[in-house]
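As structure tokens, the structure follows; a few thoughts come after it.
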Amino acid sequence: MTEPSSSPTSLLEVQRRMAAAVMHPLTRQENMPRRRRDGASNIAEAEAIIRPNDRLSSFERLEIYNRQYWYRLFSCFEEDFPGLQAILGRAKFDRLMRAYLTDCPSESFSLRNLGSRLDAWFDQHPEHLGPHPVLARDMARLEWAHIEAFDSEERARLSAQKLAAIDEHSRLHLQPYLRVLALSYPVDDLLLQVRNEDGSATSSTNNASSTRKRHHVRHVAALAPKAIHIAVHRLENSVWYKPLSPEEFHLLSALLDGKPLGDSIDLALSTSPLPEDQRPAFLQEAFANWAMLGWFTS
Amino acid sequence: MPANRFNGFTDYGVGIGLRIPHYQHILSRKPVVDWFEIISENYMVDGGRPLEVLDQIIEQYKIVQHGVSMYFGSVDPLSREHLKRLKQLVRRTHTPWLSDHLCWGSVDGRYTHDLLPMPYTWEAVEVTAQKIRQVQDFTEVPVVVENVSSYAEFHASEMTEWEFLTEVVERADCGILLDVNNIYVSSKNHSFDPFEYVNFVPAHRVAQIHIAGHSKFEKYILDTHDHPVLPAVWRLYARAIERCGPTATLLEWDDNIPSFEEVHAEALKANKFLKAAAEAAPTRNSLAAIQSAPKSMLEPTLSDSALLESGSAR
Amino acid sequence: MKQSMKTMMVAAAVSGLLSGATAMHASAAVNSSATPILKAGKLSFSGSTLDKAPKHSCKGKNDCKGQGGCKSSDNGCKQKNSCKGKGGCATDGSKMPD
Ligand SMILES: [Fe+2]
């Protein structure tokens, strides 16, 4: 028997109670659960808020919105993290989406930011990283960096005047779209493979998609750990993955942290095996490349 | 109305929603299109390709902004960040008006990203009208509100949807984006006469009309924007145009998006009705628009009539 | 690090910065992006066209279409799971007009 709930008396109460139902996880069969995790009855809640009609009960009408909420979020999240899905496989990825989006519902007006808290959330939920946790985490980081690089601001390049004034105490500003990552697996190549396979399937039949999944599984199983450093950046409005040496990575990280040029160089080279006589040439080339890519801004 | 203070006294004709799969076609072929509607939120970013493409489109076409997450009906206060970004985009596009939905979708800072229906109460009228005014004051462009498709009704409602819409726009003194597909979808889901809705709304406030396709399920219709416009929706459109005059019209197609030509051709079917309405304008001959439309566009399909009776077919 | 060494390193970095910035301006002036692209790394979406390059697929993130009810109606660019055939989500079997 369902105990009746009292009807909401204000607009705010309608919205809070309906949102609680709509944003509550679906069952494994993708239905609205009859009882919520806190024991509350969704049937009673639906009846208290929603009118039935001659075809659908209050519960069934509310269920349309419950499903709609999750399907929209799932399709957005899947689109943002195809590499992570390839690594985890469908079932584990579904469980991860459900858990993450339950814990971290959107707090932004745009779905663009849906995955913004995923990396931090993994600290608390390593169980969702699957059998290759380091690989999965690396991929999630790369995929989020890609989203950030895709549409973050591009500032004006350093002016000649400001360039002329640079010394060891200068703090250099880098483009907001630039992200640098130190990873344990070459996930950049894996992601390119996944994307190309997804993108090349123009008519994705079930057969084609299961073939792709088998490819993914093989790629993942064959992927050996290999420390890499990359810059995820944007050029001519496309996102690029630029391999970095460890020294380049440490140097860029220090500059991004706001450290002065001289200190950044010290930090980057303090543990480097690079012979001293080769260091000036290394620095000259690295800074020349980065300036050419437009990474320094005023 | 063709041109009024709610659409910045423009007379825009027939447009389509700007969608990514058509970018290449539009930029390389430069097809003649009266105007494009953009989803504001997809361009409220700081840089990159979305804005690069938008700038190229702006150079060559008229653009109108359509939002999906301002949630005029949410009790939550408006987000400063959202408003600020929206205004930045308004400055970029020079949109003559700005639309979003008569719905809610966020509470306590959490977003559902859905267009949730309003309980049609007097409290909701107040909340919604006040927020529309705030957006209008902040962005300094006319704001028009769109009726949504809905799948549920509230016990709390104190009036019909069309009465609610009218009360809100009168109090906010704003325009209406009349989505005739949404009216049709809701009329089937809630068993009301869609013509009663179209006949009731204050025609002088209608700034724009939306048309779209939907999907039928056994017990309800879903507003999927993934089909051509159905005959029953064209009939409603004809009536709306007859009441409002030749109004800026936009076809929404968001899923299973066909070629640019196909989408544009579907939208341009509206011209038959607009032409008839323009010709009938001096006398507003009540049947002119409907009579001059091609018969095939207006004939009910089997599925239409099945649905009309589906109220009892559980 | 000795101060003389440090000064030399900073000088190398600054001279690189200046030469890179000059090269960038030069390539911008002749409207050629060849030089930066050589240094950019791997293009994230190879063979990309304008339609494919933005984001990852063909959708804008935010939209106002209905998406619920049934998995079969929820289909963007990608093939989604098929309809589970549960109550409230079966189609009525009618075909939409073309
Ligand atoms: Fe609409």
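First the proteins, then the strands, lettered A, B, ... as listed; each starts at 1.
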*Value rounded to 0.5 Å, distance of CG in A:Asn53 from OH in B:Tyr151*: 14.0 Å
*Determine, stepwise, if the pair B:His155 / A:Ile49 fulfils side chain to side chain contact (heavy atoms under 4.5 Å, CB included).*
CA-CA 6 Å; B:His155 289 302; A:Ile49 304 168; 5.7 Å; no
_A:Tyr69 and B:Thr112: CA distance, side-chain angles, deciding distance, side chain to side chain contact (heavy atoms under 4.5 Å, CB included) verdict_ = CA-CA 6 Å; A:Tyr69 170 76; B:Thr112 65; 3.9 Å; yes
*A:Lys162 atom NZ: more than 12 heavy-atom contacts under 6.0 Å*: no
_B:Val107 versus chain A, the contacting section by heavy-atom distance below 4.5 Å_ = side chain
*Report yes if the side chains of A:Arg55 and B:Ser191 come closer than 4.5 Å at any heavy-atom pair, otherwise no.*
yes
*Please round to the nearest 0.5 Å and tell me the distance separating atom OG of A:Ser75 and atom CG of B:Asp255.*
8.5 Å
_B:Arg110 and A:Ser106, any side-chain heavy atoms less than 4.5 Å apart_ = no
*Kindly assign one of parallel, tilted or perpendicular to the pair A:Phe109 and B:His82, based on the angle between their ring planes and the thresholds 30° and 60°.*
parallel
_Residue pair A:Glu60, B:Tyr220: steps toward the side chain to side chain contact (heavy atoms under 4.5 Å, CB included) verdict_ = CA-CA 11 Å; A:Glu60 288 168 323; B:Tyr220 61 94; over 6 Å; no
*Determine the option with the most heavy-atom pairs under 4.5 angstrom with chain B, choosing from A:Gln15, A:Glu153, A:Arg51.*
A:Gln15
*Test log, rule side chain to side chain contact (heavy atoms under 4.5 Å, CB included), inputs A:Ser10 and B:Glu123*: CA-CA 8 Å; A:Ser10 69; B:Glu123 183 198 0; 4.1 Å; yes
Below 3.5 Å, can you tabulate the donor-acceptor pairs from side chains in residues 127-135 of chain B to any protein atom, sequence neighbours excluded?
| unit_1 | atom_1 | unit_2 | atom_2 | d |
| --- | --- | --- | --- | --- |
| B:Thr128 | OG1 | B:Ala124 | O | 2.6 |
| B:Lys131 | NZ | B:Tyr71 | O | 3.3 |
| B:Lys131 | NZ | B:Ser74 | O | 2.6 |
| B:Lys131 | NZ | B:Asp76 | O | 2.6 |
| B:Arg133 | NE | B:Arg171 | O | 3.0 |
| B:Arg133 | NH2 | B:Arg171 | O | 2.8 |

*Side-chain contact, heavy-atom cut-off 4.5 Å: B:Leu222 with A:Gln68?*
yes
*Would you say the side-chain atoms of A:Tyr177 pair up with the backbone N or O of B:Gly47, donor to acceptor, closer than 3.5 Å?*
no
*Any salt bridge between A:Arg61 and B:Glu153, counting N to O under 4.0 Å?*
yes
*asked:* Tell me whether A:Asn237 contacts the main-chain N or O of B:Glu52 through its side chain, where contact means a donor paired with an acceptor under 3.5 Å.
replied: no
*Atom OH in B:Tyr111, atom CG in A:Leu114: separation rounded to 0.5 Å?*
13.5 Å
*To the nearest 0.5 angstrom, please state how far the CG atom of A:Asp54 sits from the NZ atom of B:Lys219.*
10.5 Å
*Is there a side-chain contact between A:Leu11 and B:Pro119, using heavy atoms and a 4.5 Å cut-off?*
yes
*With side chains defined as the heavy atoms from C-beta onward, is the minimum distance between B:Pro50 and A:Phe150 less than 4.5 Å?*
yes
*B:Met118 versus chain A, the contacting section by heavy-atom distance below 4.5 Å*: side chain
_Residue part contacting chain B, namely of A:Ala48, when any heavy atom lies under 4.5 Å_ = backbone
*Work out which heavy atom in A:Tyr65 is nearest to a heavy atom in B:Leu116; give both atom names and the distance.*
CD2-CD2, 3.4 Å
*Kindly indicate whether the side chain of A:Pro8, heavy atoms from C-beta on, has any atom under 4.5 Å from the side chain of B:Phe154.*
no
*By a 4.5 Å heavy-atom criterion (distance strictly below it), what part of A:Ser110 contacts chain B: side chain, backbone, both, or neither?*
both
*Are A:Asp151 and B:Arg49 ion-paired here, with the side-chain N under 4.0 Å from a carboxylate O?*
no
*asked:* Which atoms of B:Asp114 are under 4.5 Å from chain A, going by heavy atoms: the side chain, the backbone, both sets, or neither?
replied: both
